[in-house]
Amino acid sequence: VLIDVARSVNLSSTARQALADGPDLPGRLADLFAEYTAEGQVERRRLSIELSRAAHHSEVLQGDLASYNERLRGALGATITAARPALAADPEEAALLAHLLLILLMGAIHLDTLDSSRIGDPDLIAFLRDRLARILDAAPERDTEPRTHVASARRRTDPEDEPGDGRRRRAVRTRRRILEAASELFALRGYDGATVDMIAAQAEITVPGLYRHIASKEELLVEVGRHTFEGYLMARPLESGASPAERLAALMCAFSSAGDRVARRLAIELDFGAWRNPVLAEGLRSSHLAVRRNVARSLAAAAPDRDPAECELAALVALVLFMGTAHIDTIDPSLVDDPAWCDLLHRRMAQLVL
């Protein structure tokens, strides 16, 4: 039923139907983003998130969604090659760009939590149109520096962060086990499917012991959200000897890896949970704001003369791409750990954010 509803929404999309009309492909693509991020379209955005989330819990739905997305990508790829003869001569690049555009669109459906002030914002759409034109019309950026490799988009726990006192250290470790168990179970089973008994068992603690560390399952979801977004490397300065675009490409590539599968599913689950939990929603918005400001600072530091407002928009688009990547398992699981996909990110990121 969900697939049928999504298909009917797509068929009723004026911007989707107009993609093949006229010479201004970047403008028509921007219109598609505008349609999905407009005021009054929150149900459409939520439907897309719910569809991707539900597919993780149903092999039948996952297969149907994969086929549906394959048809969308094929149509988008055909539109790109028809409008851009240079890309028609490179079908692999055109196919990867179709993936990139669809992942960006999936990220844009999270705009309600990424930055609700940008819903219906013409400045965001104008920025996207400009960047889509660069991607479609310009040659890929050539590598001018060694590529950065990041194993995961999340920071690993450092034992040095633990307190020196033995009793406090045990409490910190127990709480960490609870958060890690809850994070994995919320991601793999969904919030409703992960019981307190399951979380306690996976954390190797009794249920009464768990409640000594957390007041309720709902509070635990909020804490998992805070812990998750504080752990993203995008929440920390990007300067590491590489350009911000190179660093962002490396983080997106890491988030596309098999090792970050749980993190991807958790990102979707947290956004879904924010619809029902105002505290979680506010926490996610605050976390996203911190990430955007951090990325914007890094972009501004790399180009001091650049308009700060443009840096902020570029940072938001980077986060849109990041959240779109959370859907990669349902958009096209073959992109997971795909060297060609990572290569595209490294070659095209500068056109998107610089």
Side-chain angles (χ1 to χ4, degrees), residues 1-22 24-55 61 64-65 68-69 71-73 75-76 79 98-132 267-278 280-282 284-285 288-289 292 312-328 330-331 352:
V1 175
L2 278 173
I3 281 287
D4 291 337
V5 173
R7 185 178 292 110
S8 67
V9 168
N10 192 55
L11 288 173
S12 66
S13 166
T14 302
R16 174 70 185 86
Q17 295 174 20
L19 275 180
D21 299 334
D24 183 16
L25 180 57
R28 298 196 305 277
L29 287 167
D31 288 343
L32 184 61
F33 279 88
E35 189 176 78
Y36 272 83
T37 59
E39 295 278 3
Q41 293 298 314
V42 63
E43 290 82 6
R44 175 183 287 189
R45 293 189 289 273
R46 288 185 176 183
L47 171 64
S48 297
I49 295 171
E50 170 62 9
L51 187 59
S52 185
R53 174 181 178 267
L61 180 57
D64 289 344
L65 184 57
Y68 176 67
N69 282 327
R71 290 193 294 274
L72 285 180
R73 289 195 312 276
L76 185 54
T79 299
H99 276 109
L100 178 65
L101 293 170
L102 188 54
I103 286 172
L104 278 169
L105 188 60
M106 284 300 293
I109 66 176
H110 291 274
L111 198 57
D112 299 274
T113 50
L114 291 178
D115 186 354
S116 58
S117 72
R118 296 290 186 175
I119 298 294
D121 179 18
D123 290 339
L124 173 59
I125 301 306
F127 181 84
L128 278 169
R129 190 213 172 281
D130 176 72
R131 298 303 151 147
L132 294 173
I268 297 170
E269 189 66 26
L270 288 171
D271 200 290
F272 179 79
W275 302 346
R276 300 182 294 181
N277 187 313
L280 176 59
E282 183 56 36
L284 290 189
R285 291 188 186 102
H288 287 313
L289 177 61
R292 292 199 315 275
E312 292 175 7
L313 284 168
L316 176 58
V317 170
L319 196 50
V320 164
L321 179 59
F322 187 80
M323 286 303 298
T325 303
H327 296 270
I328 201 169
T330 50
I331 290 174
L352 192 61

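Just so you know, residue 1 is the first one in the sequence shown, and it goes up from there.
- In this structure, D115 and L289 have side chains that are not in contact, with every pair of non-hydrogen atoms separated by 4.5 Å or more.
- In terms of the side-chain hydrogen bond (donor to acceptor under 3.5 Å, both in side chains) criterion, residue partners of T113 (sequence neighbours excluded) are, by chain and number, D271.
- With sequence neighbours excluded, the residues forming a side chain to side chain contact (heavy atoms under 4.5 Å, CB included) with A314 are F127, L299, R306, V353, listed by chain and number.
- Distance check, rounded to the nearest 0.5 Å: CD of E282 to CG of N277 gives 11.5 Å.
- The structure places CG of L100 at 11.5 Å from CG of L105, a figure rounded to the nearest 0.5 Å.
- Taking each heavy atom of L280 and L270 in turn, the nearest pair found is CD2-O, 3.6 Å.
- Of the charged side-chain nitrogens involved, none lies within less than 4.0 Å of a carboxylate oxygen, so that R46 and E43 do not count as a salt-bridged pair.
- Among residues two or more places apart in sequence or in another chain, the salt bridge (Lys or Arg N to Asp or Glu O under 4.0 Å) test is passed with R276 by D192.
- Atom CG of residue L104 and atom CG of residue L132 lie 7.0 Å apart, to the nearest 0.5 angstrom.
- For the side chain to side chain contact (heavy atoms under 4.5 Å, CB included) test, residues two or more places apart in sequence or in another chain that qualify with D112 are V42, R45, I119.
- Every ring pair (Phe, Tyr, Trp, His ring centres under 6.0 Å) that H327 has, sequence neighbours left out, goes to H110.
- No donor-acceptor distance shorter than 3.5 angstrom exists from the side chain of S52 to the backbone of S48, with no hydrogens or angles considered.
- Between L65 and N69 there is a side-chain heavy-atom pair separated by less than 4.5 Å.
- Taking 4.5 Å as the limit, every side-chain heavy atom of T79 sits out of range of all side-chain heavy atoms of L29.
- Counting only residues at least two apart or in different chains, salt bridge (Lys or Arg N to Asp or Glu O under 4.0 Å) contacts with residues 100-110 are absent.
- R292 and E312 are not joined by a salt bridge, as no carboxylate oxygen comes within less than 4.0 angstrom of a charged side-chain nitrogen.
- Residues forming a salt bridge (Lys or Arg N to Asp or Glu O under 4.0 Å) with R131 (at least two apart in sequence, or on another chain): E310.
- Taking the side chain as every heavy atom from C-beta outward, L128 and V320 never approach each other to under 4.5 Å.
- When all heavy atoms are compared, the tightest approach of I268 to A326 is CD1-O, 3.3 Å.
- Under the rule for a side chain to side chain contact (heavy atoms under 4.5 Å, CB included), the partners of A30 that lie at least two apart in sequence or sit in another chain are I125, R129.
- Residues E35 and Q41 are not in side-chain contact: their nearest non-hydrogen atoms beyond the backbone lie 4.5 Å or more apart.
- Across all their heavy atoms, Y36 and I109 have their closest contact at CD2-CG2, 4.3 Å.
- Counting heavy atoms from C-beta on, the side chains of T330 and L51 never come closer than 4.5 Å.
- Of all the heavy atoms in P122 and G120, the pair that sits closest is CD-O, 3.3 Å.
- In this structure D121 satisfies the side chain to side chain contact (heavy atoms under 4.5 Å, CB included) test together with R118, D123, L124, sequence neighbours excluded.
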